[in-house]
Amino acid sequence: MQPFAEQTVLLISMSVMLDLIIGDPKWLPHPVILFGKIIRTTEKAWNKGSRKKLKGIILAAFLPFSVFIISLFLLKLFYAISYLLGTAIEIYLISTTIAIKGLRDAAMEVYHPLKSGDLSEARKKLGFIVGRDTDGLPSPEIVRGTVETVAENTVDAIISPLFFAIIGGAPLALAYRAVNTLDSMVGYKNEKFKDFGFGSARLDDLMNLLPARICTVCMWLGSYFMKEMRRKYAISITRRDASKHPSPNSGWPEAMTAGLLGVQLGGVNIYGKVVSERARLGDPLEPLSFIHIKKTILIMNGAWILFLTGYFILFGLGR
């Protein structure tokens, strides 16, 4: 067993455990908050005048590159001071890039009031995790928004950061998170961001290309350990509908989830009173119900567990 590989397994395992235990407590400093402040300040200064696309591309390249170099330098410094100190800090930094507990808890905060019939509270909680307008949404649409968010973020907030952490430790995982934060803040196709956010959106698409497909396979394999999942049907739905999504990546986990659950995702979303028609993914074999939120969380957990299991098995074969 190679020392570097041993270190990577330790870092990934402990980072996931730390996230599952504490998630993202507000009293600890979080890199994404810093990324957000930098992006917000730069966007206000640069997203005007001419050459907005060029300035956006420069930001999309400079921020993640800087994050990678600075975190690499700091970690080398901490490891030089103490191996245990460097390891502890790297474990924490990787844990900040993943959000297993946070994603599960956010979905359950929608589930509980929805189950008890408190639609107003369920809409409020959904509004914390989606960009669409949630006022007046009926129960099935609240479920749809939650299921879509959990499915999409199984890639963005779990599989992708783990994928890059395995390849390049905390520096590469943090660089990925910087790209993902850029995309979430400026990677829109509306009038304000279509030029400035172009580079951020394209880089995010590129970095998620392989992890999204790995995640989809892991979702399907993980469903073998769950009841009432439509595995054969999910394959045909994913092949038929994944490419219909406006994102080249989000359609894969969303179509797989829709197929496994036997529900239909997509439809009409409203963003700031502007109507957006999204392609339908899956067929409405079952009406959307609050129980599908819990089932989607199971699919999410199955995906990351299978992903890490596969990594550990491949690592073991390479010993």
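Bear in mind that the values here come from a model prediction, so they are computed numbers and not experimental data. FYI, side chains are in, hydrogens and waters are out, and symmetry mates aren't considered; it's all heavy atoms of this structure.
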With the side chain counted from C-beta on, respond yes when [X] and [Y] share a heavy-atom pair under 4.5 Å apart, and no when they do not.
X: Thr97; Y: Tyr176; value: no
X: Arg40; Y: Met185; value: yes
X: Pro25; Y: Ile22; value: yes
X: Cys215; Y: Ile158; value: no
X: Arg240; Y: Ser236; value: no
X: Phe225; Y: Ile305; value: no
X: His112; Y: Lys125; value: no

Do you know the tightest heavy-atom contact between [X] and [Y]?
X: Ser13; Y: Phe312; answer: OG-CZ, 3.4 Å
X: Lys48; Y: Lys52; answer: N-CD, 3.6 Å
X: Met207; Y: Phe164; answer: O-CZ, 3.3 Å
X: Met14; Y: Ile91; answer: CB-CD1, 3.5 Å
X: Pro161; Y: Ala173; answer: O-CB, 3.8 Å
X: Ile57; Y: Gly199; answer: CG1-CA, 4.0 Å

* Asked: For the atom pair OG1 (Thr238) and CE (Met219), what is the distance rounded to the nearest 0.5 Å?
  -> 9.5 Å

* Asked: When you look at Leu285 and Arg230, which way does the side-chain contact (heavy atoms from CB on, under 4.5 Å) test go after all the steps?
  -> CA-CA 11 Å; Leu285 304 182; Arg230 305 169 188 264; 3.7 Å; yes

* Asked: Considering residues, nucleotides and ligands other than Met17, do more than 12 of their heavy atoms fall under 6.0 Å from its CE?
  -> no

* For Phe307 and Phe163, what are the C-alpha separation, side-chain angles and deciding distance, and is it a side-chain contact (heavy atoms from CB on, under 4.5 Å)? -> CA-CA 9 Å; Phe307 175 74; Phe163 176 84; 4.2 Å; yes

* To do: Check the pair Thr154, Thr257 against side-chain contact (heavy atoms from CB on, under 4.5 Å), reporting the backbone distance first and the verdict last.
  => CA-CA 11 Å; Thr154 302; Thr257 299; over 6 Å; no

* To do: Mind jotting down which residue pairs meet the salt bridge (Lys or Arg N to Asp or Glu O under 4.0 Å) criterion with at least one end in residues 175-189? Sequence neighbours excluded, please.
  => none

* Would you please test Asn269 and Ser276 for side chain to side chain donor-acceptor pair (under 3.5 Å) and show each step? => CA-CA 5 Å; Asn269 296 338; Ser276 174; 5.7 Å; no

Can you confirm whether the side chains of [X] and [Y] place a donor and an acceptor under 3.5 Å from each other?
X: Asp283; Y: Tyr233; result: yes
X: Trp304; Y: Asn301; result: yes
X: Glu286; Y: His292; result: yes

My understanding is that only residues two or more places apart in sequence, or in another chain, count here; which of them pass salt bridge (Lys or Arg N to Asp or Glu O under 4.0 Å) with [X]?
X: Lys101; answer: Asp105
X: Arg123; answer: none
X: Glu148; answer: Arg132, Arg144

Per-pair distances, 0.1 Å, donor-acceptor, side chain in residues 68-84, under 3.5 Å, sequence neighbours excluded:
from, atom 1, to, atom 2, distance (Å)
Ser71, OG, Val67, O, 2.6
Ser71, OG, Phe68, O, 3.1
Tyr79, OH, Gln7, NE2, 2.8
Tyr79, OH, Glu90, OE1, 2.6
Ser82, OG, Leu84, N, 3.3
Ser82, OG, Leu85, N, 3.3
Tyr83, OH, Gln7, OE1, 2.5

* Asked: Could you go step by step and tell me if Val155 and Asn249 meet the side-chain contact (heavy atoms from CB on, under 4.5 Å) rule?
  -> CA-CA 9 Å; Val155 178; Asn249 300 315; 5.8 Å; no

* Go through the structure and list residues passing side-chain hydrogen bond (donor to acceptor under 3.5 Å, both in side chains) with Arg231, not counting sequence neighbours. => none

* Specify whether Tyr111 and Phe290 have parallel, tilted or perpendicular ring planes, treating 30° as the upper limit for parallel and 60° as the lower limit for perpendicular. => perpendicular

* Single hit among Ile129, Ile293, Thr296, Val110 for side-chain contact (heavy atoms from CB on, under 4.5 Å) with Thr149 -> Ile129

* Asked: Do Trp220 and Ile237 share a hydrophobic cluster (ILVMFWY, side-chain heavy atoms under 4.5 Å, transitive)?
  -> no

